[in-house]
Amino acid sequence: MARRVAWFLPDRAFFSSTPEIPTLYSFLQPSVFSLNKKQQQPICEEPQKIPTCPAQHSLSLTPHQVSTLQTTLHKSLITNNTDEAWKSFKTLTTHHAFPPKPLTNSLITHLSSLGDIHNLKRAFASVVFLMEKNPLVLQSETLHSMLCSMRGANTAPPAFALVKSMFKNRFFVPFGVWGHFLVDIGRNNGNLAAFLGIFYENCRVALVEKLEFMKPDVAACNAALEACCCELESVSDAERVVGTMSALGVRPDEFSFGFLGYLYALKGLQGKIDELEVLMGGFGCSNKKAFYSNLIRGYVKSGNLDCVESTVVKCLNDGDGKDWSFGVETFCEVVKAYFEKGNVKGLTNLIIEAQKLEPSDIAVDKSIGYGIVNACVSVGLSDKAHSILDDMNALGASVGLGVYVPILKAYCKQNRTAEATQLVMEISNSGLQLDVETYDALVEASMSSQDFQSAFALFRDMREARIADLKGSYLTIMTGLMENHRPELMAAFLDEVVEDPRIEVGTHDWNSIIHAFCKAGRIEDARRTFRRMVFLQFEPNDQTYLSMINGYVLAEKYFLVLMLWNDVKRKLSADGHKGIKFDHNLVDALLYAMVKGGFFDAVMQVVEKANEMKIFVDKWRYKQAFMETHKKLKVAKLRKRNFRKMEALVAFKNWAGLNA
């Protein structure tokens, strides 16, 4: 919906404040795009000038030519032949033959949607030209689409020039079509004040012409207030916007009062702040979060820390102890201001005063103390936050558990796990208790940074704090130690926690330690762990024996393998095999070790058991082991010394096919 008015409005001072660019409204040279300093992309300009000789202008197109050009334009749009479509459109408009309304708007929408500056220039030039020559062909939806593309391309000067051209040519389009795009573009470019002039002109037209559809909504009015209060910091401009809102019947909301509160706090106008509070009640604005937050921001910027503290206290009083949940941004500004003045103690006092007014059941993350400490962490001042808590403890003030959490998280993120662990000790000593999730996160952070002692201390604290679920942190520690090849720490840790009923220690835990010791060649440590395991009545299984056998083979301690076989044999003869899975892997390890060690009687016992359990045995491997180790061993010599060993050797050679 757009309205074309034939006569011009008086008072064009608005436009005189910004000098007109001579080529601004030229159909062929939309040079306003070059004013956007943020556009660094070089544009290859297309020669677009149409011959202007009198002879050509005197020639008009025949109906057949017009029809042909319109058909070409239509087909080019369908096939996305943008250059050909543009060429047809230029030819038609140069000869004052405007394409039909749907076709014209389709072209502009197409050019706007391509996502490149060159075609956006074409769309801009077309719209400005049509506003001057034939505005009735333009549709509001087309302007909406084009401004949306301009916002995406961040082209501020053309967007503002386009809307100024609308007013210049008295082409009135509903505010909702273009207003919020200009607000977004101005804000994205850090120049919301650029919206002010157009805002005033639009409001003047809406009032003079009595055009309801030109009336801005409260969000747009707040954008104008934001420009006056936060960018221009002008009381007179802000109050002019307020007067305009009143004239248009736009009711202010909590954000309107918030921006004004910021400005008045910045300027130290306490009387006007008091008036605002009365007005807020009159307009039914019960949510004062934005108002108090902006007051604090204004006082912070002006350096008035006393008023910051009194405002926090006042907001808590106004809410009967209810916290207004200031945002992180507000708290960050507060802590920066206090630190800049070296007034850390002031923050401590602020938290203590707030605690006196906050209800006992307030959510931790809604408290003033949490907000300040979290803000310290957010701006990279975790140690300062810790100092604040130390000051509070020294003064005997109550420090809630949740206030510690941001510092702990920051220490973890920075891999400062030793400091985090120390802080946990302080928390525990103060009678507070962390939840299991926090403990688990701290243990994981300690293990990730290979700070094993901190992980042990945290786990010890968990046990002393009677945390029921220890499984997560236990597994994290054991897995981390195994991945870092620290079996000695695994053994010490397991020995410390093995009798804790909350921890399910199993044979697999001991196996992990034994395997790691054997792999590292630390056989005595593996044996010690094995004996400890058995002493504590954890039953070794096939994996336990397999790790031990491989370790003994690596150390060439074949007699110890024989001792293990005797243990395995005893368990295999018992009912249920006592958790031993006598499979190919265990058979292979036993046979290889005992062939290498020359214990052929035991070799044949293993072979017999394997045959009994129908386990396939690859004789070639053991034949090779024999040839490598016992090639020169003679049966005759054994007969004289030990007849039984001689029989076992003969049996093995017959079985392995070595007698041939």
Side-chain angles (χ1 to χ4, degrees), residues 1-5 9 11-15 17-18 131 138-148 150-151 156 158-189 191-232 234-263 276 279-280 283-285 290 294:
M1 172 182 167
R3 175 173 171 182
R4 173 72 170 173
V5 182
L9 292 171
D11 184 14
R12 291 292 173 182
F14 162 63
F15 289 104
S17 61
T18 305
M131 281 183 187
L138 289 172
Q139 294 176 330
S140 297
E141 294 79 3
T142 303
L143 295 175
H144 184 277
S145 174
M146 183 174 169
L147 283 164
C148 183
M150 286 181 166
R151 179 177 62 182
F160 282 94
L162 181 68
V163 177
K164 286 182 180 180
S165 181
M166 285 165 42
F167 285 108
K168 179 180 179 181
N169 292 285
R170 298 188 55 75
F171 181 67
F172 300 142
V173 179
F175 181 84
V177 171
W178 56 268
H180 294 292
F181 285 118
L182 286 198
V183 170
D184 291 344
I185 292 170
R187 185 176 281 121
N188 292 341
N189 282 272
N191 186 20
L192 196 54
F195 172 67
L196 270 179
I198 289 178
F199 172 80
Y200 290 139
E201 179 68 4
N202 175 78
C203 293
R204 191 177 68 83
V205 169
L207 287 168
V208 172
E209 299 288 327
K210 295 182 172 53
L211 301 177
E212 187 67 21
F213 63 80
M214 297 289 285
K215 178 180 171 181
D217 58 12
V218 68
C221 294
N222 285 342
L225 271 177
E226 183 182 351
C228 297
C229 299
C230 303
E231 291 186 12
L232 301 179
S234 168
V235 174
S236 59
D237 284 329
E239 292 182 346
R240 180 183 174 188
V241 172
V242 172
T244 302
M245 291 172 67
S246 177
L248 289 168
V250 178
R251 286 177 62 88
D253 61 11
E254 59 267 25
F255 297 104
S256 313
F257 290 109
F259 291 128
L260 290 168
Y262 167 81
L263 181 61
L276 284 181
L279 285 171
M280 287 182 74
F283 280 99
C285 294
N294 279 284

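Along the sequence shown, residues carry numbers from 1.
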Enquirer: With sequence neighbours excluded, tell me which residues meet side-chain hydrogen bond (donor to acceptor under 3.5 Å, both in side chains) with D237.
Expert: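 Scan of D237 (side-chain hydrogen bond (donor to acceptor under 3.5 Å, both in side chains), adjacent residues dropped) gives S234.
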Enquirer: Under the side-chain contact (heavy atoms from CB on, under 4.5 Å) rule, collect the residues that match up with L279, sequence neighbours excluded.
Expert: F257, F283
Enquirer: Which atom pair, heavy atoms only, marks the closest approach of A159 to M150?
Expert: CA-SD, 3.6 Å
Enquirer: Answer whether the closest heavy-atom distance between the side chains of F255 and N294 falls below 4.5 Å.
Expert: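 Not touching, per the 4.5 Å side-chain cut-off.
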Enquirer: Keeping N202 on the side-chain end and I198 on the backbone end, is there a donor-acceptor pair under 3.5 Å?
Expert: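 Judged by distance alone, no pair lies under 3.5 Å.
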Enquirer: How many angstroms lie between OG in S246 and CZ in R251, if you round to the nearest 0.5 Å?
Expert: 11.5 Å
Enquirer: Flag the pair V177 / M166 as yes when at least one side-chain heavy-atom distance between them is below 4.5 Å, and no otherwise.
Expert: no
Enquirer: Considering only heavy atoms from C-beta outward, does the side chain of N191 approach that of F160 to under 4.5 Å?
Expert: no
Enquirer: How are the rings of F181 and H144 set to each other: parallel, tilted or perpendicular (split at 30° and 60°)?
Expert: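 Taking H144 first and then F181, their aromatic rings stand perpendicular (interplane angle over 60°).
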Enquirer: Would you call S256 and M245 a side-chain contact if the rule is heavy atoms closer than 4.5 Å?
Expert: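 In short, these two side chains touch, coming nearer than 4.5 Å.
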Enquirer: Using modelled atom types and a 3.5 Å cut-off, is there a donor and acceptor pairing between side-chain atoms of W178 and backbone atoms of V173?
Expert: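 Yes, the answer is positive, given that a donor and an acceptor are paired below the 3.5 Å cut-off.
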Enquirer: Using a 4.5 Å cut-off on heavy atoms from C-beta on, say whether the side chain of V241 contacts that of L196.
Expert: yes
Enquirer: Determine whether a donor-acceptor pair (N or O, by modelled atom type, separation under 3.5 Å) exists between the side chain of E231 and the backbone of L192.
Expert: yes
Enquirer: Over 60° means perpendicular and under 30° means parallel, so tell me whether F195 and F199 are parallel, tilted or perpendicular.
Expert: tilted
